[in-house]
Amino acid sequence: MYPAGELNHLAARKALLRLRIAEHRLQCAQAADELARPLGWIDRALARWRSISPLAKTVGLPVVMLAAKKLLGRFGGVAATVGKLPRLFRSLPAMLQAFRAMAGRYA
């Protein structure tokens, strides 16, 4: 049917094609790894946040806010924005309760 030379040529092209496919697979795997790296950081940060006790979160948040206010106060206009955050945090439980009530009503 086919001469031996043509079969050898087809076998060489097939081997080259397999090499190209392997190279593209490697490039895709490297690109996926690069894209997934920030997701890994977020996942680890969330796991670490969940491992902290609720009491430490409750006590630690105001301490962090005070430290941020002191640190950012040196940069001028940022302190005004940070100054509004305690008022937002005070109203946060009421907002969450309202959201839960609405979610329960429409569920």
Side-chain angles (χ1 to χ4, degrees):
M1 309 257 289
Y2 292 105
E6 196 169 331
L7 286 174
N8 290 338
H9 178 70
L10 286 174
R13 287 188 60 174
K14 182 179 177 181
L16 181 63
L17 185 61
R18 284 185 173 182
L19 284 173
R20 286 183 185 164
I21 290 172
E23 182 182 358
H24 285 288
R25 283 182 181 164
L26 183 63
Q27 289 174 351
C28 287
Q30 289 171 345
D33 185 44
E34 187 71 27
L35 288 173
R37 187 170 294 139
L39 295 176
W41 294 336
I42 292 170
D43 191 38
R44 285 191 298 275
L46 284 174
R48 187 160 295 171
W49 177 256
R50 289 183 185 127
S51 70
I52 299 172
S53 73
L55 181 62
K57 290 178 192 175
T58 306
V59 172
L61 189 61
V63 171
V64 169
M65 294 304 298
L66 286 173
K69 189 173 183 179
K70 289 283 189 183
L71 181 66
L72 296 175
R74 298 178 184 177
F75 300 112
V78 180
T81 305
V82 173
K84 295 176 185 175
L85 288 176
R87 185 173 20 173
L88 175 70
F89 285 132
R90 279 194 306 267
S91 62
L92 192 61
M95 291 190 309
L96 287 174
Q97 186 177 7
F99 287 141
R100 286 182 186 145
M102 286 190 294
R105 182 173 294 180
Y106 295 110

**Asked** Taking only residues at least two apart or on different chains, which pairs with a member in residues 31-40 satisfy side-chain hydrogen bond (donor to acceptor under 3.5 Å, both in side chains)?
**Response** Glu34-Arg37
**Request:** Could you list all the side-chain hydrogen bond (donor to acceptor under 3.5 Å, both in side chains) pairs where at least one residue sits in residues 10-19, not counting sequence neighbours?
**Result:** none
Approximate separation, where rounding is to 0.5 Å, of [X] [atom1] and [Y] [atom2]:
| X | Y | atom1 | atom2 | value |
| --- | --- | --- | --- | --- |
| Ile21 | Leu16 | CD1 | CG | 10.0 Å |
| Glu6 | Leu10 | CD | CG | 6.0 Å |
| Arg44 | Leu39 | CZ | CG | 10.5 Å |

**Prompt:** Should side-chain heavy atoms under 4.5 Å link Ile, Leu, Val, Met, Phe, Trp and Tyr, which residues sit in the same cluster as Trp41?
**Reply:** none
**Request:** Share the residues that join Leu46 in a hydrophobic cluster, the rule being Ile, Leu, Val, Met, Phe, Trp or Tyr side chains under 4.5 Å apart at the heavy-atom level.
**Result:** Ile42
**Complete:** Arg50 meets the salt bridge (charged side-chain N to carboxylate O under 4.0 Å, His left out) criterion, sequence neighbours left out, with none
**Asked** Does Gln27 have any side chain to side chain contact (heavy atoms under 4.5 Å, CB included) partners at least two apart in sequence or in another chain, and if so, which?
**Response** Glu23, His24
